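In what follows, a single structure is set out as C-alpha cells and then discussed.
None of these values were measured; they are calculated from a predicted model. Chain identifiers are assigned alphabetically (A, B, ...) following the order of the sequence lines, protein sequences preceding nucleic acid strands; residue numbering begins at 1 within each chain.
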Number of protein chains: 2
Amino acid sequence: MDIVRILQSSTLFSGTGGDEIPHLLQCLEGRTSDFPRDYTIIDEGDYSDEIGIVLSGSVHITRHDFWGNRSLVANIGVGESFAEALACTARPSEVSVITAEQCTILFLNVHKVITSCEHGCTYHHTLIENMVRLLSQRNQELMKKITHLTKRSTREKLLSYLSSEAQRQQSQTFTIPFDRQQLADYLCVERSAMSSELSKMQADGILDYQRREFTLHHEEV
Amino acid sequence: MDIVRILQSSTLFSGTGGDEIPHLLQCLEGRTSDFPRDYTIIDEGDYSDEIGIVLSGSVHITRHDFWGNRSLVANIGVGESFAEALACTARPSEVSVITAEQCTILFLNVHKVITSCEHGCTYHHTLIENMVRLLSQRNQELMKKITHLTKRSTREKLLSYLSSEAQRQQSQTFTIPFDRQQLADYLCVERSAMSSELSKMQADGILDYQRREFTLHHEEV
DNA sequence: GCGGTTATGTTGTTTTTACAACAAAAAAGG
DNA sequence: CCTTTTTTGTTGTAAAAACAACATAACCGC
C-alpha cells in the first residue's frame, strides 16, 4: 500500500509535494488503524476531532432511528475521507461510520490541519485551502444525495442514482458499491419493491444489470 | 439596519472585532444588493465565487427536475449565508437561490476570504477558520435535512421536521418559515395528503397548529 | 365592504409502496 | 462437492400516498 500515492490523489493533500507528506503526517499527528468488517469506527453521539482517510477497503456512513429503520447516507472508498464536519464542529455525531469490509484508516488531527503550525510546514496553507474545498465538495455530494431522495417514485430514485453513478464512473456500464439491501437503504425505499421495479425497468429496456453491475441504455429520462 | 451587529452574530464573522468589520468588508470586496420577492439570485447551472449573507428578508434554496417537481432544500434567514460551497468549488450550481420576500443581500468574494490578504488584516485567519466551521455546520444541517427525508411516512417526516424546529427555537410553540405548499416541497410529500395528515395528528392530540404556528405536545414519539 | 386571489383543508379514487412469505440463485465454508 | 447461509427476485395483499376536485378560509387591492 503506497500511502503517499493515495494521499496525493486525495482532496486534502492535493497540491502537496510527495516528499513533504511524511513530515506533514507527523505534524498532523497521523496514525493508522486496521479494522475488521462491520466494525463501528464512530457511533451516533460520539465526539471526535480526527478526520479519517480510507487507505484500503471502504466504509459506510449510516443512521438508525427509533424503530430500527436503517438508512445509508454514503459510501466512502479508498482515498476518500469522513468525519471532516464532525471533527470541525465539536458537536456529537449525527451518523455512524461502519466498515463495509476490512479496512485501513488514517486518522489526522483536524485542529493541526486548521491552525498554522509552529514548524513552518511549507504546505500548511495549502492544507487549509484543501480543507475548505473538501468540505465544499462533501456539501455538494450531500446536495446530490438529497436530489435522489427528493424524487417521488422508486423508479425515479433509481434512475437518479444510477445515472449519477454512470456519470461519475464515466461509463454506461458501472459497478455500484452496494448490495440490494444497502441500495434500498441508500435510496430509502423498500428492498423487494425496488427489486421488482428494477426488473420492470429491465423489461422496459431502460437498463440491464447483474448483481452489482449495471448498464444504462440511452433511452433513460 | 445594523450591518455590523448582524455580521457579528454570523458564523463567518464571529470572533472579529466590530471595529474591524468595515475594513474587512472592503478587503473582501463586499457589496450589498436589494431584491424584490420571488427574484432568482442564483439559477441552477450558474457559477459564482461570491458568498451571500442575508441582511434582511429571507431566501429559499430550491431545485427543479425535468417534470417541474419543485423541491425546497432550505430556508435562509437574516444573518445566515448561502452559496458557500458553490463559491468554493468552481462548479455549476446544483440549486437555485430565490428570495422568499424582499431582501437585502451582502456578497463577499470567497477567494479573498480563503487566501491571506496583503493588507495584513488582523482577523484574516479567524475568517478562514470560521469558513471551515461554517461549511461544517452547513454540512451537518444538510445531514439533518437528510434525516427528515429518510423517514418513510408523511407523519414521521412531519414529526422529524417539527420536533427539530421546536428544538432549534427552544420552544414547544414555534413558527415555521414555510406555507403548506413550501413545507410539502421541503419534506417531499404531497400538499393535500400532508394537510390531511396534519389534521389527523391534531385529532390524535400530538400537536396543535394554526397556519404557520405550531405547538408540539409532549406525547410526540 | 366587496370581488378576486391565494392558501388551506377535506374527501373519494387511482396508483404506488410497504409488507410478508417464499422461490431461486449465488456465495461461503467446510 | 455438498450443505448452509446470504442475496436476489417474485407475487399477492394491505396500507399509504398521489392525484383531482372541490369547499372554506384568509388575504389583498380597491
Counting only heavy atoms from other residues, nucleotides and ligands, does the tally under 6.0 Å from CD of A:Gln169 exceed 12?
yes

Check the distance between D:dT8's P and A:Glu213's CD and give it to me in whole angstrom.
14 Å

Exercise: identify the closest heavy-atom pair between B:Glu84 and A:Ser136:
O-OG, 4.5 Å

Proximity to DNA chain C (any heavy atom under 4.0 Å), residues of residues 182-195 of chain B only:
B:Arg191, B:Ser192, B:Ser195

Rounded to whole Å, please give me the gap between CD in A:Glu197 and P in C:dT15.
15 Å

Should A:Glu101 and A:Arg37 be marked as a salt bridge (Lys or Arg N to Asp or Glu O under 4.0 Å) after you check the CA-CA gap, both sets of side-chain angles, and the distance that decides it?
CA-CA 4 Å; A:Glu101 55 194 305; A:Arg37 188 168 193 273; over 6 Å; no

A:Asp179 CG to C:dA26 C1': how many Å, rounded?
13 Å

Readout for nucleotides 25-30 of chain D: B = base within 4.0 Å of protein heavy atom, S = sugar-phosphate only, - = neither; 5' to 3' it is -S----

Taking atom types as modelled, is there a side-chain donor on A:Gln102 or A:Asp34 under 3.5 Å from an acceptor on the other?
no

Sugar-phosphate only, base, or nothing, as touched by A:Phe178 at under 4.0 Å among non-hydrogen atoms
nothing

Under 3.5 Å side-chain donor-acceptor pair for B:Ser96 and B:Asp43
yes

note: B:Lys200, atom NZ; C:dT11, atom P; distance rounded to Å ~ 10 Å

Gap between atoms CD and P, on B:Gln181 and D:dA18 respectively (whole Å):
12 Å

Could you work out which one of C:dG9, C:dT11, D:dT10 sits closest to the side chain of B:Ser196?
C:dT11

Could you check how far NZ of B:Lys157 sits from P of C:dT17, rounded to whole Å?
12 Å

Distance check: side-chain N/O of A:Arg180 vs OP1/OP2 of D:dG9, anything under 4.0 Å?
yes

Centroid-centroid under 6.0 Å between A:His60 and A:Phe178 rings
yes

Do the side chains of B:Ile61 and B:Leu72 get nearer than 4.5 Å, heavy atoms only?
no

Look at the aromatic rings of B:His148 and B:Tyr186 and report parallel, tilted or perpendicular, splitting at 30° and 60°.
tilted

Can you tell me how far P of C:dT8 sits from CE of B:Met201, to the nearest Å?
17 Å

Is there a side-chain polar atom (N or O) of B:Ser153 under 4.0 Å from OP1 or OP2 of D:dA16?
no

Audit row: B:Lys144, B:Glu141, salt bridge (Lys or Arg N to Asp or Glu O under 4.0 Å) steps and yes/no
CA-CA 5 Å; B:Lys144 186 171 287 181; B:Glu141 279 160 33; over 6 Å; no

Separation of D:dA16 P from B:Leu158 CG (nearest whole Å)
15 Å

